[in-house]
Amino acid sequence: MKTLINIENGKKVKILKISGGKGIRQHLQCLGIHIGDVVTLKKSSFLGGPVLLEINGYDIALGKGIASKIEVEEIE
Amino acid sequence: MKIAFIGQPNAGKSTIFNGLAGYKTVTANFPGQTVHYTVSNVTVGEETFEIVDLPGIYSLTAIDKAELESRKFILSGKADVVINVIDASTLSRSLELTIQLAELQVPMVICLNMIDEAKRKGLEINLKKLSEVFDVPVIETIANKGIGLSKIFTSAKEAFYKNKIPKIQHFHKDIEEKIEEIEKIIPSKLLPNIPRRYIAIKLLEGDAELFEDLRDYKELILKINEIRDEIKSSHGRHADTVISSERHALTMNIFEEVTKVGEPIKSAREKLDDLLTNRFLGYPLLFSILFGIFFLVFEVGKLLEEPLVHIFDSLIKRLPEYISENTLTFYIIKGLLEGFAGGLGVAIPYLIPFFIGLTILEDVGYLPRMAFLMDTIMHRIGLHGKSVLPFIISYGCNVPGVMATRILESPRDRFITAALSVFIPCAARTTVIFGLVGAFIGGIAAAGLYILNLLVIMTMGAILTRFIPEITPGLIMEIPPLRIPTLKNVFMKTWLRLKDFTVVAWPLLVLSSIILSFLEFLNLDSVLNQIFKPLVSWILGLPEQTGITLIFGILRKELSMIMLFQALDTTNIGQLMTKTQIIVFTIFTIFYLPCIGTLGVLIREIGIKKAMLVTILTITVAVFLSVLSRLILETVF
Ligand SMILES: Nc1nc2c(ncn2[C@@H]2O[C@H](COP(=O)(O)OP(=O)(O)OP(=O)(O)O)[C@@H](O)[C@H]2O)c(=O)[nH]1
Ligand SMILES: [Mg+2]
């Protein structure tokens with residue numbers, strides 16, 4: 001299963017599942033990140049660094065730990 | 001009429017508030033600038049409005065302490081009208097909060113701010129349609145340019161007098177049934193002034209605080225959990241996820257109904273942004289930007305300082321010509337002049353360029369980018385990127401720096417970040433570093449002290465993390481677009497920060513100088529110095545007159561230096577102290593004891609016990625570093 005940390009720069013992906021505890025899940029939901037949303041990877045993780053996503057027209061940075069808990073599939 | 005500004009972080013609430021109330025609170029281009037609320041009275045014509053600026057919240061499920069503060073205020077029912085400030089360029093997400101606010105059934109106005117940004121993104125919002133969806137007034141503003149702000153009060157009045165209670169947006173039928181089921185069983189004593197629907201939905205979402213309020217109703221909790229499980233099995237997702245998706249779907253529908261999406265305007269901003277956070281170039285740029293500010297503060301400060309100090313010096317030297325020496329009046333006037341000179345001559349020249357630099361960094365939106373770049377490094381000391389924000393703010397002043405730790409999610413991260421923030425050389429200590437080490441030894445030595453300070457903070461972070469090994473939740477942060485700061489905002493914010501210095505610190509400087517003069521007149525200063533002699537002279541190797549200055553430094557750190565000029569009776573410290581002594585004195589001043597103001601917020605934010613722990617830590621580190629640097633420097637020079 002691919003997560004946000006195995007995606008290359010510039011790729012579009014669809015969020016399939018957010019694992020991890022309720023804390024992370026709710027935090028992401030509050031920020032407007034939901035299952036089924038399509039996000040663009042603006043900066044992929046580099047040497048354990050965070051990822052930068054664009055979702056519905058705004059940017060969100062996610063640490064590597066959190067990014068690794070978000071399962072995604074690439075879309076064309 | 002009490003009006004509360006509520007909206008998601010970085011939507012422009014504080015900018016609107018300042019536009020209406022005069023510049024009273026700090027705004028900045030990062031989510032989580034405001035961490036406590038500010039109230040102001042504004043009179044328009046006959047009517048007086050009490051307006052409240054609140055910390056931004058993404059949702060009514062509070063994630064961090066700052067958000068909790070907002071939520072508490074909203075639920076307290078104190079607001080007569082809620083103005084929901086929305087960043088129009090992120091309308092679809094922002095409406096998720098609006099839907100929740102509607103559930104509170106308080107008269108509301110929707111204020112679409114940042115219309116300029118929305119246009120850039122190609123969004124065209126139909127106000128009339130949006131107004132029909134929620135049945136409340138909708139207005140457009142561009143707050144940083146002051147456009148549309150006059151409509152705020154008229155629309156608030158309309159909402160209040162016509163009782164414009166927002167229309168509830170309904171979920172799918174099966175969820176609505178569950179909500180109704182819970183509404184019926186909520187005890188009437190629980191938050192009696194809050195609509196049942198709001199409570200029911202939050203309970204479905206598993207809201208920790210509400211569950212805490214219900215802890216005595218064991219059966220009720222069981223029943224609610226049962227309902228949540230039913231949703232989970234029928235939808236295949238957690239109840240909170242289902243509610244959140246429902247809300248998301250609702251907002252998407254509203255968004256599509258009220259907005260026309262056209263072509264976004266491409267600009268150089270995206271390219272610049274891409275460069276600033278580039279995995280390779282981002283770091284040298286970060287270094288250059290910080291070094292640039294440092295250099296600017298140093299050069300501009302020096303340029304201003306020299307002539308100013310000179311004027312006061314000659315004035316003080318000529319004083320005996322007018323008043324006979326060794327009289328009390330002479331001492332008092334001398335103290336007054338010296339305190340005044342310290343503020344104007346030594347502190348302000350460095351403070352002005354420093355605050356301007358900091359404001360520009362904040363307003364451009366560079367801070368969240370720094371958080372992004374530094375995330376990996378912060379993990380090394382057991383924190384995550386967001387802690388960079390309190391750290392940078394601490395360079396301005398530790399007080400808002402410690403308060404900014406409220407944007408962190410876990411208590412552990414808050415404690416470690418607050419403890420480390422106290423070690424960051426604030427503007428006051430910056431004046432000491434520049435005014436002593438910079439002026440008498442050189443810019444490189446001053447830069448060296450900043451680097452030493454960073455290394456010490458990293459080391460201590462690494463040590464503290466060992467003691468509290470719990471892992472940090474990790475970075476989750478919105479990165480707002482880069483913005484061009486308005487001249488007015490930079491000016492007003494610098495002024496706001498300087499005002500704090502001129503109205504609080506400066507009088508204190510003058511007063512302390514007079515007290516010191518008075519002590520000198522009575523020869524009491526030497527008594528105090530004797531008490532501190534073991535530490536000051538024997539351990540630190542400093543002239544014994546410096547003892548008293550270190551005591552004053554607890555009030556405000558710049559006092560130490562200004563008192564030093566007075567205690568040694570010269571502004572040319574270089575003649576009376578060796579380079580080693582100047583460096584040791586400065587290092588000690590940077591690290592020992594947070595000033596009174598910082599200690600106050602530290603106690604409030606992390607509790608008295610932990611604050612004491614931090615205080616002891618600062619003294620230990622200060623003595624250790626001073627002795628170490630003394631030993632090293634004495635062998636070098
Ligand atoms: N382009 C544009 N920028 C704006 C507008 N209104 C505010 N800003 C800028 O947006 C940034 C955020 O404004 P703030 O007023 O601090 O936002 P806030 O809602 O108080 O944010 P928090 O306190 O973090 O919740 C600042 O840099 C403002 O100068 C606007 O209408 N257009
Ligand atoms: Mg604010």
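Order of the sequence lines sets the chain letters (A, B, ...), proteins ahead of strands, with each chain counted from 1.
- Contact count against chain A (heavy-atom pairs under 4.5 Å) is highest for B/R279 among B/H384, B/R279, B/E478.
- Counting heavy atoms from C-beta outward, A/N56 and B/H248 have side chains that approach closer than 4.5 Å.
- Below 30°, between 30° and 60°, or above 60°: for B/F280 and A/F46 the angle between ring planes is above 60°, a perpendicular geometry.
- Between the CG atom in A/L31 and the OG1 atom in B/T90 there is a gap of 11.0 Å [rounded to 0.5 Å].
- Residues B/T376 and A/P50 are in side-chain contact: their nearest non-hydrogen atoms beyond the backbone lie under 4.5 Å apart.
- Of the inter-residue distances, the one linking A/H34 atom NE2 with B/T241 atom OG1 reads 10.0 Å to the nearest 0.5 angstrom.
- Interface remark: of the candidates A/I18, A/I35, A/I24, A/I35 forms the most heavy-atom pairs closer than 4.5 Å to chain B.
- Interatomic distance, CD1 of A/I60 versus CD1 of B/I479, reported as 8.5 Å (0.5 Å rounding).
- Between chain B and the residues A/K42, A/R25, A/Q26, A/K64, the largest count of heavy-atom pairs under 4.5 Å involves A/R25.
- Ion pairing of A/K22 with B/D240 is absent here, as no side-chain N (NZ or NE/NH1/NH2) approaches a carboxylate O to less than 4.0 Å.
- With no hydrogens or angles considered, no side-chain donor-acceptor pair links A/Q29 and B/H238 at under 3.5 Å.
- Only the side chain of B/S92 comes within contact range of chain A, judged by heavy atoms closer than 4.5 Å.
- In this structure, OH in A/Y58 is found 15.5 Å from CD in B/E117, a value given to the nearest 0.5 Å.
- Of the two parts of B/R237, only the side chain, counted from C-beta on, holds a non-hydrogen atom closer than 4.5 Å to a non-hydrogen atom of chain A.
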Report task. Given side-chain contact (heavy atoms from CB on, under 4.5 Å), test B/D274 with A/K43 step by step and report yes or no. Result -> CA-CA 9 Å; B/D274 203 37; A/K43 305 259 164 170; 3.0 Å; yes

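- Considering only heavy atoms from C-beta on, A/C30 stays 4.5 Å or farther from B/Q8 through its side chain.
- When heavy atoms are compared at a cutoff of 4.5 Å, B/D87 does not approach chain A at all.
- At a 4.5 Å heavy-atom cutoff, B/S94 makes no contact with chain A through either its backbone or its side chain.
- Note that CG of A/L52 and CG of B/D273 are 7.5 Å apart. Values are rounded to the nearest 0.5 Å.
- Heavy-atom distances place the side chain of B/E96, and not its backbone, under 4.5 Å from chain A.
- Heavy atoms of A/I66 lying under 4.5 Å from chain B belong exclusively to its side chain.
- Residue B/M252 touches chain A through its side chain alone, counting heavy-atom pairs closer than 4.5 Å.
- Taken from CD1 in A/I33 to CZ in B/R93, the straight-line distance is 9.0 Å, to the nearest 0.5 Å.
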